[in-house]
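Order of the sequence lines sets the chain letters (A, B, ...), proteins ahead of strands, with each chain counted from 1.
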Amino acid sequence: MVNQKAPSTDARACLAALRKALPDDALLTEAEALRAYECDALSAYRALPLAVALPHDRAQVRAVLRIAREHAVPVVARGAGTGLSGGALPHPQGIVLSLARLDRILEIDPRNRTARVEPGVRNLAISEAARPYGLHYAPDPSSQIACTIGGNIAENAGGVHCLKHGLTVHNVLRIEAITLSGETLVAGGAGLDGPGYDLAALLTGSEGLLAVVVEATVRLLPLPESARVLLAAFATVEAAADAVAAIIAEGIVPAGLEMMDNPAIRAAEDFVHAGYPVEAAAILLCELDGAVAEVEAELARVRAVLERHGATEVRVARDEAERQRFWKGRKAAFPAVGRISPDYYCMDGTIPRREVGRVLARIAGLAREHGLRVVNVFHAGDGNLHPLILYDANAPGELERTEALGRRILELCVEVGGTVTGEHGVGVEKLDPMCRQFDEATLRQFHALREAFDPERLLNPGKAVPTLARCAEYNAMHVRAGRLPFPELERF
Amino acid sequence: MGADADHAEALAARVAEAAARGEALRIEGSGSKAFYGHPVKGVPLDATVHRGVVAYEPSELYVTARAGTPLADLEALLAAHGQRLGCEPPRFGGRGTVGGMVAAGLSGPRRPWGGAVRDLVLGVRCVNGRGETLRFGGQVIKNVAGFDAARLMAGSLGTLALLLEVTLRVGPAPAAMRTLVLACTADEALERLAAWGRLPLPLTGACHLEGRLHLRLEGNEAAVDAAAARLGGTALDDAEAFWTGMRDHTLPFFAADDPRPLWRLSVPPAAPQPALPGDWLLDWGGAQRWLRSEVPAGTVRAAAEALGGHATRFRGGGEASVFHPLPPAARALHRRIKAAFDPAGILNPGRLYGPEGP
């Protein structure tokens with residue numbers, strides 16, 4: 001928790017300028033009101049900002065950026081605050097720029113299959129607006145009921161269906177963003193590409209460090225004619241992991257392919273009674289979508305693959321109600337885990353799929369060494385792990401041990417050729433593991449690229465890309481720790 | 001044909017040396033797309049020597065190849081494992097390298113459904129203009145660590161970095177493919193495509209030329225059968241030849257000896273046909289339109305812009321800028337991005353926007 005300091009002279013002048021530029025209801029400065037913005041969904045990190053700006057329109061967004069720049073005050077853009085890596089954590093001397101009020105769906109264009117929206121529009125609201133035309137917006141992060149498209153772009157959000165239908169970056173055609181200097185940038189185009197460098201790709205996943213998105217045109221896909229789901233039980237996690245590889249090797253790209261380990265199966269079953277086999281070491285949920293005939297044919301092939309690869313049981317949801325029930329357990333897995341532990345910490349690394357069995361075994365070993373339990377629910381199709389570390393924040397030392405274990409898990413992901421974040425972003429949470437994934441020259445290149453957009457480094461400072469000094473310190477620590485008799489013990 | 005070889009260190013050293021001397025380099029692959037973009041004044045740097053597939057695991061859905069690897073070699077390897085590149089990149093003159101594919105960022109007829117080159121890029125290893133070897137992205141499909149500089153390389157025409165190694169997402173080749181032909185005008189084709197686009201059809205190609213709409217369906221037998229019954233039209237026998245001609249620009253429409261410039265317009269797929277004289281070929285379900293016309297560049301650009309798109313002078317007609325001019329702020333930003341990667345301005349200077357850069 002970072003305490004709010006008394007505003008500096010600059011800060012006071014900045015607040016005065018903001019008061020002048022914004023209507024009364026668009027600026028919060030009282031501690032009570034600021035409290036609602038002190039963290040995002042990674043609530044272990046909190047800070048009160050200097051102020052929260054809630055502009056109503058693009059001109060007010062531009063005014064906030066201009067004033068912030070004039071007074072050298074940091075700006076942290078925020079959507080719905082559902083991020084899991086602290087990307088929207090306020091800067092204690094900075095302004096939180098909430099885009100929540102820019103929430104209009106400007107146009108649904110069924111002929112071109114696009115939606116033009118403001119950044120504060122909720123992810124699910126786009127699909128709801130498109131549904132009457134037989135269309136939907138494919139990326140579906142678990143927070144889709146609340147999270148906004150602006151935040152999705154900032155984080156390059158994923159979801160259950162991205163193996164087949166792509167991440168945010170594959171589904172955003174055009175972005176209008178405002179830089180700190182107040183210039184409006186258009187990235188991409190109303191067609192399938194834009195002139196010049198692919199700034200739409202660069203802005204997507206840039207965690208609010210390059211520019212503030214004020215409008216997006218996203219691609220809409222036809223709703224599938226049919227969606228069917230299979231549930232397969234396995235006696236070992238390795239067998240389940242092998243079955244995942246075998247499905248892909250068969251030339252099938254499922255719409256979703258999820259795995260849960262035994263503790264996750266039990267927690268979910270106790271909570272929502274989805275009918276899961278509680279004795280199984282792991283279950284796979286495999287969803288296929290497309291034309292009816294296509295899905296039926298693939299269903300038979302997937303079933304055969306699962307049986308050939310040692311599934312102890314394969315069930316196909318007979319109807320929509322059963323399909324929903326199969327998914328219910330998976331979707332309720334996180335809250336279900338919340339019932340069996342006072343607190344849990346959700347990790348987010350991606351590994352090559354072939355490593356799933358080995359990595360889960362090593363995570364279990366690391367958990368034992370740290371005296372903690374880990375539950376695994378994850379996107380098996382794309383190797384995106386979400387180990388949930390169970391802990392009790394009130395037990396002295398447990399949070400620290402949890403964070404230490406989390407770091408070890410992410411380092412393990414890098415070690416096997418993966419990444420420290422698959423879809424949650426780096427934020428403040430994964431700055432240290434970034435030092436393991438990228439070398440100094442690459443990190444320096446990231447900083448240079450950022451300064452091409454924001455030379456004063458006022459947009460979301462201290463997030464996403466660690467400073468070289470921080471990495472030097474972190475890596476030095478790591479090497480020293482590696483020489484100690486108990487390399488698994490964290491020394492900091 | 002060269003042999004697989006790792007020249008990463010030598011290439012990085014060469015760039016570092018050029019940076020120290022302030023010597024401009026012209027990066028050369030197979031030369032199949034040498035016509036594309038503005039001419040570069042610089043010392044040639046042969047990137048084809050660094051070649052070979054470094055990692056390929058079909059069940060992981062990725063392949064990592066050195067940039068000089070011939071595209072044909074890579075595609076043959078994938079095909080042997082029942083896989084392919086979704087973006088269907090062109091092989092002008094039957095040539096092209098993996099690095100050239102990414103640098104040019106050109107995608108074939110399957111692009112709206114199979115993804116663009118940039119959509120397939122999972123990671124790159126490259127040398128920036130300081131001679132530093134950098135790694136962006138990785139080998140996994142979901143990866144949000146660091147700025148997505150790997151995808152930024154697609155279409156940057158070598159102005160930001162020299163590509164050493166590229167990791168691409170691959171996908172399964174379909175069990176069945178069928179091409180249907182329907183006689184109709186361009187306007188009728190656009191109208192039909194706008195309606196069909198909202199249906200879950202296994203379309204992977206839709207182009208219109210000379211009064212005929214060509215539709216390609218790919219997927220499993222059942223899906224293709226069902227869709228074909230729904231769409232009507234007549235089956236095209238030499239479908240492979242047709243799509244290869246579209247992809248590699250070997251159809252008569254693209255003939256290099258046509259004196260008229262070849263324009264590429266990128267517009268919303270259902271946008272009405274601009275009233276410009278010349279010959280048209282509609283690809284990507286209407287989102288990419290090729291125009292053979294002597295109309296002044298400004299007129300073509302204004303027409304594309306009016307539809308929310310942009311126009312590229314793809315071949316011929318040497319006067320105008322190749323790519324759609326950027327507004328001043330975006331132009332300045334492009335120069336700063338270029339400088340962030342290549343402060344001395346030695347990598348393919350001016351290939352994108354001419355002497356003023358980048």
For the candidates B:T312, B:L265, B:L160, which exhibits the highest count of non-hydrogen atom pairs separated by less than 4.5 Å from chain A? B:L160
Side chain, backbone, both or neither of A:H424 within contact of chain B (heavy atoms, under 4.5 Å): backbone
Ranking A:M434, A:R354, A:E207 by heavy-atom pairs under 4.5 Å to chain B gives rank one to A:R354
Who are the side chain to side chain donor-acceptor pair (under 3.5 Å) partners of B:H324, not counting sequence neighbours? B:E305
Gap between atom CG of A:L199 and atom CD1 of B:I337 - 0.5 Å precision: 5.0 Å
Check each atom of B:F341 against the heavy atoms of chain A and say whether the ones under 4.5 Å are side chain, backbone, both or neither. both
Please classify the contact between A:R111 and chain B as side chain, backbone, both or neither, with a heavy-atom cut-off of under 4.5 Å. both
Quick one: list whatever passes side-chain contact (heavy atoms from CB on, under 4.5 Å) with A:L173, sequence neighbours left out. A:T114, A:L192, A:R219
Chain A contact via B:R331 - which portion, at a heavy-atom distance below 4.5 Å: neither
Going from CG on A:D382 to CG on B:N143, what distance comes out if it is rounded to the nearest 0.5 angstrom? 11.5 Å
Main-chain N/O of A:D198 paired to B:R151 side chain as donor or acceptor, under 3.5 Å: no
Under 4.5 Å from any heavy atom of chain B, what part of A:E183 do you find: side chain, backbone, both or neither? side chain
Which of the residues B:A270, B:G308, B:P172 is involved in the greatest number of heavy-atom pairs with chain A at under 4.5 angstrom? B:A270
Please determine, among B:P268, B:P358, B:P200, the option with the most heavy-atom pairs under 4.5 Å with chain A. B:P268
What heavy-atom pair brings B:S156 and A:Y197 nearest, and what distance separates the two atoms? CB-CE2, 3.6 Å
Chain A contact residues among residues 110-123 of chain B, heavy-atom distance under 4.5 Å: B:R111, B:P112, B:R118, B:D119
Ignoring hydrogens, what is the shortest heavy-atom contact between A:R113 and B:A194? Give both atom names and the distance. NH1-O, 4.2 Å
Would you say A:D193 and B:S266 are linked by a side-chain donor-acceptor pair, where the criterion is simply a distance under 3.5 Å? yes
Out of A:G418, A:A187, A:S206, A:A249, which one racks up the most heavy-atom pairs below 4.5 Å with chain B? A:S206
Region of A:D439 in contact with chain B, defined by heavy-atom distances below 4.5 Å: side chain
Do A:P195 and B:L326 come within less than 4.5 Å of each other through their side chains, counting heavy atoms only? yes
CZ of B:R336 to CD of A:E451, rounded to nearest 0.5 Å, is 11.5 Å
In terms of heavy-atom proximity below 4.5 Å to chain A, should B:R264 be classed as side chain, backbone, both, or neither? side chain
Of all the heavy-atom pairs spanning A:L167 and B:I141, show the shortest one and how long it is. CD1-O, 3.6 Å
Which residue out of A:A291, A:G189, A:A441, A:G417 racks up the most heavy-atom pairs below 4.5 Å with chain B? A:A441
Taking the side chain as everything from C-beta on, heavy atoms only, tell me whether A:T204 gets closer than 4.5 Å to B:D148. no
Nearest atoms (heavy-atom pairs only) where A:G158 meets B:K142: CA-CE, 4.4 Å
Ranking B:M153, B:R169, B:R335, B:Q288 by heavy-atom pairs under 4.5 Å to chain A gives rank one to B:R169
Pick from A:I351, A:L135, A:T421, A:V420 with the largest number of heavy-atom pairs that fall under 4.5 Å of chain B: A:T421
Segment of A:L209 engaging chain B (4.5 angstrom heavy-atom cut-off): side chain
Checking A:F438 against chain B: side chain, backbone, both or neither under 4.5 Å from a heavy atom? side chain
Per-residue tally against chain A (heavy atom, under 4.5 Å) across B:A150, B:A227, B:G146 peaks at B:G146
Would you mind checking which part of A:V465 comes under 4.5 Å of any heavy atom in chain B, side chain (CB onward), backbone (N, CA, C, O), both or neither? side chain
Interchain contact, A:L449 with chain B, by part (heavy-atom threshold 4.5 Å): both
Side chain to side chain donor-acceptor pair (under 3.5 Å) filter on A:R450, not counting sequence neighbours, yields none
Under 4.5 Å to a heavy atom of chain B? For A:R174 that would be neither
Contacting moiety of B:R125, where chain A heavy atoms sit under 4.5 Å: neither
When only pairs under 4.5 Å are counted, which of A:P455, A:P352, A:A464 shares the most heavy-atom pairs with chain B? A:P352
Please report the shortest heavy-atom distance between B:S59 and A:A245, naming the atom on each side. CB-O, 3.7 Å
Taking all non-hydrogen atoms of both residues into account, name the closest pair between B:A145 and A:Q437 and its distance. CB-NE2, 3.7 Å
Tell me, side chain or backbone of B:F147 under 4.5 Å from chain A's heavy atoms, or both, or neither? both
Would the distance check show the side chain of B:E60 and the main-chain N or O of A:R353 forming a donor-acceptor pair, the cut-off being under 3.5 Å? yes
Please flag which part of A:A246 lies under 4.5 Å from any non-hydrogen atom of chain B: side chain, backbone, both or neither. neither
In terms of heavy-atom pairs under 4.5 Å, which option from B:G197, B:P202, B:A330, B:A339 contacts chain A the most? B:G197
Whatever's closer than 4.5 Å to a heavy atom in chain A on B:L193 counts as backbone
In terms of heavy-atom pairs under 4.5 Å, which option from A:G194, A:G205, A:G381, A:A200 contacts chain B the most? A:G194
Side chain of A:Q445, backbone of B:A340: donor and acceptor closer than 3.5 Å? yes
